[in-house]
Amino acid sequence: EQPPYDRSQLRSIYHVRNTDVYRLQCCSLSSSTTKQQKNNVGEEGKAKDERNRIDVMLSHDWPQGIEQHGNTRDLLRRKPYFREEVQRNELGSPANYALLQTLQPKWWFSAHLHVKFQATVHHNDP
């Protein structure tokens, strides 16, 4: 798809594509380097790994399940109509959750749900 978009493409460009998620996941060294390989590198390799980490991720939608990493009770007090989606684990984007797990950015900002919500995700791999 390329601009100018026709009516069918205009609706389609807003959808998340698996190919785009895959391309973003390729930005992560953790997706292409095993833990053993990481343990065998010296200080230079560790510094390179840190330089290649993504510091900030911006997305329209939240990663799916992110509400479980913050004050869910306060979120539901302010946005009670999220309750059913939270109970079904359908709040947020599954694709963004996959990216969060793969890329492990230091910061992630999303605004789609129009509420300030802070969450802290602790990853096994720093």
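Because only heavy atoms are used, hydrogens play no part in the values below, and waters and symmetry mates are left out as well, while side chains stay in. Residue numbers run from 1 in the order of the sequence given.
- Residues L99 and M57 share a closest heavy-atom pair of CD1-CE, 4.0 Å.
- One distance of note links CD of Q118 with CD1 of I66; it measures 11.0 Å at 0.5 Å rounding.
- Summarising the local packing, CZ of R88 is surrounded by more than 12 heavy atoms from other residues, nucleotides or ligands at distances under 6.0 Å.
- A heavy-atom distance below 4.5 Å is not found between the side chains of Y97 and V121.
- Contact check for D55 versus W107: no side-chain heavy atoms found under the 4.5 Å cut-off.
- Residue E84 holds its CD atom at 11.5 Å from CG of L76, rounded to the nearest 0.5 Å.
- Between Q104 and I54, every side-chain heavy-atom pair lies at or beyond the 4.5 Å cut-off.
- Linking ILVMFWY residues whenever their side-chain heavy atoms come closer than 4.5 Å, directly or via other members, leaves Y22 and V16 in distinct clusters.
- Using a 4.5 Å heavy-atom threshold, the side chains of L75 and L113 count as separate.
- Considering every non-hydrogen atom in both H60 and S110, the closest pair reads O-CB, 3.9 Å.
- Nearest heavy atom pair, residue F117 against residue G70, reads CZ-CA, 3.7 Å.
- Annotation for Q87: atom CD counts as buried by contact number, over 12 foreign heavy atoms lying within 6.0 Å.
- A 4.5 Å side-chain heavy-atom check between Q64 and L100 finds every atom pair outside the cut-off.
- Between E85 atom CD and K79 atom NZ the span is 12.0 Å, to the nearest 0.5 Å.
- Using modelled atom types, no side-chain atom of D61 and backbone atom of N96 make a donor-acceptor pair closer than 3.5 Å.
- Remark: K116 NZ to R78 CZ distance equals 9.0 Å, nearest 0.5 Å.
- Using a distance-only test at 3.5 Å, with no hydrogens or angles considered, a donor-acceptor pair links the side chain of T72 to the main chain of E67.
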